[in-house]
Amino acid sequence: MLRANNFRLGTHHTKTYTGTAGVTDTAFATGTWAARVVVTTAAFVKIGSSPTASNIDVYMPANKSEVFLVNPGEKASAMRDRAGAWKDV
């Protein structure tokens with residue numbers, strides 16, 4: 001059972017994203033059920049087995065974090081709506 005704010009620190013992934021989607025190179029590991037996502041500019045975020053974020057996906061404002069439920073083997077994708085950005089998962 002997941003409880004708010006009770007997560008073990010895991011692997012950190014950083015990926016540059018542009019006006020086209022950037023996808024993390026490494027999938028979430030076995031036993032990973034939640035991921036905290038931070039974007040440095042306003043962006044659209046998608047999580048899935050082969051995600052490609054677009055402007056119809058979840059919108060995240062700049063410099064805010066959000067915890068998403070994920071499954072092992074999934075990846076994160078983000079697409080910015082402004083220049084010069086990256087995401088941290």
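Two residues are said to be in side-chain contact when any heavy atoms from C-beta on lie closer than 4.5 Å; Glu66 and Met60 meet this criterion. Within the 4.5 Å cutoff, no side-chain heavy atoms of Val45 are placed close to those of Tyr59.
Taking both residues in full, the closest heavy atoms of Gly31 and Pro72 are given as N-CG, 3.8 Å, listed atom of the first, atom of the second, then distance. For the residue pair Asn55 and Phe44, the shortest heavy atom distance occurs at O-CE2, 3.5 Å. Among all heavy-atom pairs drawn from Glu74 and Ser49, the shortest one is CG-N, 4.1 Å. Shortest non-hydrogen contact noted between Ala62 and Ala42 is CB-N, 3.6 Å. Ser65 approaches Val38 most closely through the heavy-atom pair CB-CG2, 3.5 Å. Residue Ala27 comes nearest to Lys75 through the heavy atom pair CA-CG, 3.8 Å, listed as atom of the first residue, atom of the second, then distance.
Here the straight-line distance linking atom OG1 of Thr32 with atom CG of Leu69 works out to 12.5 Å at 0.5 Å rounding. Distance check: Lys15 NZ to Asp25 CG gives 3.5 Å after rounding to the nearest 0.5 Å. For the atom pair Asn71 CG and Thr30 OG1, the distance stands at 11.5 Å (nearest 0.5 Å). Here the OG-OH distance, from Ser77 to Tyr17, works out to 11.0 Å after rounding to the nearest 0.5 Å.
Both Val37 and Val70 are part of a single hydrophobic cluster, where members link through side-chain heavy atoms under 4.5 Å apart. Residue Met79 is not grouped with residue Val39 when hydrophobic side chains (ILVMFWY) are merged at heavy-atom distances under 4.5 angstrom, including chains of intermediate members. When hydrophobic clusters are built by joining Ile, Leu, Val, Met, Phe, Trp and Tyr residues whose side-chain heavy atoms come closer than 4.5 Å, directly or via intermediates, Val58 is grouped together with Phe28.
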Verdict with reasoning, His13 to Thr26, per side-chain contact (heavy atoms from CB on, under 4.5 Å): CA-CA 8 Å; His13 303 273; Thr26 305; 3.5 Å; yes
From CA spacing to verdict: side-chain contact (heavy atoms from CB on, under 4.5 Å), Thr40, Asn63: CA-CA 5 Å; Thr40 59; Asn63 299 314; 4.2 Å; yes
